Amino acid sequence: MPPLLLLLFVSLNLVRSSGDVIDFVFNGFAGANLTVDDSAMVTPDGVLVLTNGTHLMKGHGVYPAPLHLRSPSGGVLSFSTTFVFAILSEYADLSAYGLAFFVSPSKSFADTLPSQFMGLFNTSDVGNATNHIFAVEIDTLLNVEFGDIDSNHIGIDTNGLTSIVAASAAYYDDGGGGGEVLRNLSLISGKSMQVWVDYDGTSTELNVTLAPLRVPKPKKPLLTHAVDLAPVITDTSYVGFAASLGSMSSRHCVLGWSFSLNGSAPPLDYSKLPKPPVAGGGHRNTVLDAVLPIGVVAFVLAVATGAFVFGWRRVKYAELREEWEDEFGPRRFSYKDLYRATGGFADRHLLGAGGFGRVYKGVLPASKLEVAVKRVSHDSRQGIKEFVAEITSIGRLQHRNLVRLLGYCRRRGELLLVYEYMPNGSLDKFLYDRERKAALDWGKRFRVVKDVALGLLYLHNNWEQVIVHRDVKASNVLLDGAMAGHLGDFGLARLHDHGANPRTTRVVGTIGYLAPELARTSKATPLTDVFAFGVFLLEITCGRRPIEVDARGECAMLVDWVLRRWSEGKLGDCVDSALQGEGEHDAGEASLALKLGLLCTQPSPGARPSMLQVVQYLDGSLPLPDPSATSLDFGTMASMQNDGFDSYAMSYPTTTSGASDASHGTVSDLSGGR
Ligand SMILES: *[C@@H]1O[C@H](CO)[C@@H](O)[C@H](O)[C@H]1NC(C)=O
Ligand SMILES: *[C@@H]1O[C@H](CO)[C@@H](O)[C@H](O)[C@H]1NC(C)=O
Ligand SMILES: *[C@@H]1O[C@H](CO)[C@@H](O)[C@H](O)[C@H]1NC(C)=O
Ligand SMILES: *[C@@H]1O[C@H](CO)[C@@H](O)[C@H](O)[C@H]1NC(C)=O
Ligand SMILES: *[C@@H]1O[C@H](CO)[C@@H](O)[C@H](O)[C@H]1NC(C)=O
Ligand SMILES: *[C@@H]1O[C@H](CO)[C@@H](O)[C@H](O)[C@H]1NC(C)=O
Ligand SMILES: *[C@@H]1O[C@H](CO)[C@@H](O)[C@H](O)[C@H]1NC(C)=O
């Protein structure tokens, strides 16, 4: 074909459909016949804007005609598509949630939800095989619920949002002849990027490739995965894009798209692609100008949107309340108040995300009280009554070293816990941050240790029933304005204990802090708390995580490390290197902390001290027995430790490596393992 003709061919948004090939090209969507809904629209210069910046909206752009994706023999035909997208985010380093290319049996998405559901699913159907949705997600928020790897990744999804396989955004640069070099990309940079999705129906191989705009398609795809789409994709299917927003005003744009069934996607003509809208303002007026001439349509749209927003508001503030909760009345907060307090659970209010859920900072509208609101998802009704009874009774526990629970709220599939706000956040944020570490001198550390010991003693001894914390660790120790330690999150581990998934083990806690007997008995006791406290004591003194992964990928237990130093007579070397300077720590106290830590982490529960003894050792009212004089042989202790722990470390390799994940990984996340 002569070049001129080729140009003409490509620029005409040509849709060709002959006997065995169907393909189409959109070099921009101006005048294109595309079905758009909700917040999606095509700008006059041809950009498909899926989300226009309005919070909690979703939008879709769908090829209007259904395609027939199954071959006569019943398999799924090969298909290939490529598109150019740009994400314009409000903040340089934060955006939500993302966009996706999808294949779906329907082009109506009325039942779907925005936010993390991407406008493709809702709470009740996400993950269900009856959805018949295949998607390639471009995900810019780390969602714990769906096991996301990070906040900048591409994933392959079928029927839900837990990716079958995912990779951080990057591309293999094969310039320069030699081997490929993996180069990272930031999805929310606002730069245009191109994605290719190629599926081979015979080999069931699926490739997803990413590259900056105008970089030729890399030879090596970012994701290559064998996934049989036959059970997923129905014969009559629609193809298109979906995007959704939570409480951030990002705009998700598609600039060009081509698709081919049973062939390879026609190339896009970069010179014809529209420019993405300018980040920030200036855009809306042009949009209005385009909409005004068809005022009637806009009016109908506005009414529809109003109805939607009205309905959405009702759904938005819906709560779950049952009769048995009456007795806990005073501790109940309304969801509306919590929603307002946290600016609609805005990401800028996010304090952190842990194994149990996300925590937001809020200011209660009436009292102006600062609070921390934790959203915990729970999918079983089972155990929730006992749990609420327990946490609210724990709420009556008043101790200055326990983070106070002020109340709760329940919604479908979700529990919200309202705690007093701790201005300095969790201890681990100080312990593992080179700059903030300076604020944590030895005096403060030793005080936090005593605070935590007192809080734990109160839970074990000073209440009518013994309360086992089950998850003592640095990230559960919160610091108030004066850097005093408060133990948080008690009882939460118990909720997971009642979890509906029978395949998960009932042991709950955090890797590295689990007493070895938990592997056998699964029964948390005050002495398993003492063990975790001992690990915590070593952690805060040494400034090292309970499990560290060395360069060879092997896990090293902090307990073993301290033991080894101690047997070499170099216990003093264990103290955090940040405190090694002249006069920076009290050698007597540090040695007490290390030895007490070892005493508490003895493999045999009976050999560990009680919390009462721990408190007495710490305040000096009871002399610490010289551990070397105890009947315990530390040689066997080390080996027992290894036996006890290696099984965790081995069956849980991923969380022991990621620095921040390690502190959140719980054994309950292990499925089927034992
Ligand atoms: C797909 O293409 C191959 C050759 O390119 C052809 O033999 C086959 O009939 C096509 N299948 C369909 C269903 O169009
Ligand atoms: C985004 O789209 C929705 C629905 O069409 C509309 O209500 C809203 O005003 C739009 N927002 C902007 C900033 O254009
Ligand atoms: C858009 O495509 C649909 C489905 O193919 C078709 O029914 C409709 O007539 C087309 N509209 C225009 C304006 O071409
Ligand atoms: C979820 O979507 C399905 C359709 O996929 C619909 O039948 C169901 O009613 C929706 N559920 C909710 C809670 O919106
Ligand atoms: C999937 O959806 C079907 C029909 O909508 C329903 O009967 C089934 O219980 C759902 N399965 C799961 C695991 O949610
Ligand atoms: C690329 O991204 C990965 C994952 O986010 C990260 O581990 C790696 O350090 C990054 N590499 C470069 C060169 O920035
Ligand atoms: C996927 O990529 C590999 C490696 O480049 C290539 O050999 C294979 O043909 C590709 N498969 C598809 C379906 O494009």
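Excluded from the calculations below are hydrogen atoms, water molecules and symmetry mates; all remaining heavy atoms, backbone and side chain alike, are included. The structure presented is a predicted model; accordingly, all values stated were derived computationally and were not measured. Whatever order the structure lists them in is the order used to number ligands and atoms, beginning at 1.
- Classification of the Phe117-Phe146 ring pair by plane angle, with boundaries at 30° and 60°, yields perpendicular.
- When ring centroids are compared, Phe241 and Trp257 come within the 6.0 Å threshold.
- At a 3.5 angstrom cut-off on N or O pairs, Asn131 does not count as close to ligand 4.
- Here is the list of ligand 7 atoms found below 4.0 Å of a heavy atom in Pro221: 2 (O), 4 (C), 5 (O).
- Remark: minimum distance from atom 4 (C) of ligand 3 to any protein heavy atom is reached at Pro64 CB, 3.9 Å.
- Some N or O of Glu205 is nearer than 3.5 Å to an N or O of ligand 7, by distance alone.
- Atom 13 (C) of ligand 7 has as its closest protein heavy atom Asp200 CB, 3.5 Å.
- For the residues Thr224, Leu223, Asn207, the heavy atom positioned nearest atom 3 (C) of ligand 7 is part of Asn207.
- By the definition of a contact as any protein heavy atom under 4.0 Å away, atom 9 (O) of ligand 3 is not in contact.
- In this structure, atom 2 (O) of ligand 4 lies nearest to the protein heavy atom Asn122 ND2, 2.3 Å.
- There is no side-chain donor-acceptor pair under 3.5 Å between Tyr360 and Arg375.
- Protein heavy atom in closest approach to atom 5 (O) of ligand 7: Lys219 O, 3.0 Å.
- Side chains of Gln194 and Tyr270: a donor on one and an acceptor on the other come within 3.5 Å.
- Between the side chains of Asp157 and Ser163, at least one donor-acceptor pair of N or O atoms lies under 3.5 Å.
- In the vicinity of Ser124, heavy-atom distances shorter than 4.0 Å reach the ligand 4 atoms 1 (C), 10 (C), 11 (N), 12 (C), 13 (C).
- Residues Thr51 and Lys58 have side chains that never bring a donor and an acceptor to within less than 3.5 angstrom of each other.
- Test Leu268, Leu48, Val47, Asn27 against Leu255 for side-chain contact (heavy atoms from CB on, under 4.5 Å) and you get one pass: Val47.
- Looking at atom 6 (C) of ligand 4, its nearest protein heavy atom turns out to be Asp111 OD2, 3.4 Å.
- Between the side chains of Thr224 and Asn207, at least one donor-acceptor pair of N or O atoms lies under 3.5 Å.
- Protein heavy atom nearest atom 14 (O) of ligand 3, with residue, atom name and distance: Asn33 ND2, 3.2 Å.
- The atoms of ligand 4 that sit less than 4.0 Å from any heavy atom of Asp125 are 1 (C), 2 (O), 3 (C), 4 (C), 5 (O).
- Side-chain rings of Phe102 and Phe109 approach one another, their centers coming within less than 6.0 Å.
- Every atom of ligand 3 is numbered from 1 in the order shown, and the set under 4.0 Å from a heavy atom of Ala65 is 5 (O).
- Ligand 7 places these atoms under 4.0 Å from at least one heavy atom of Asp198: 13 (C), 14 (O).
- Side-chain contact of Ser71 with Ser73: a donor-acceptor pair under 3.5 Å is present, judged by distance alone.
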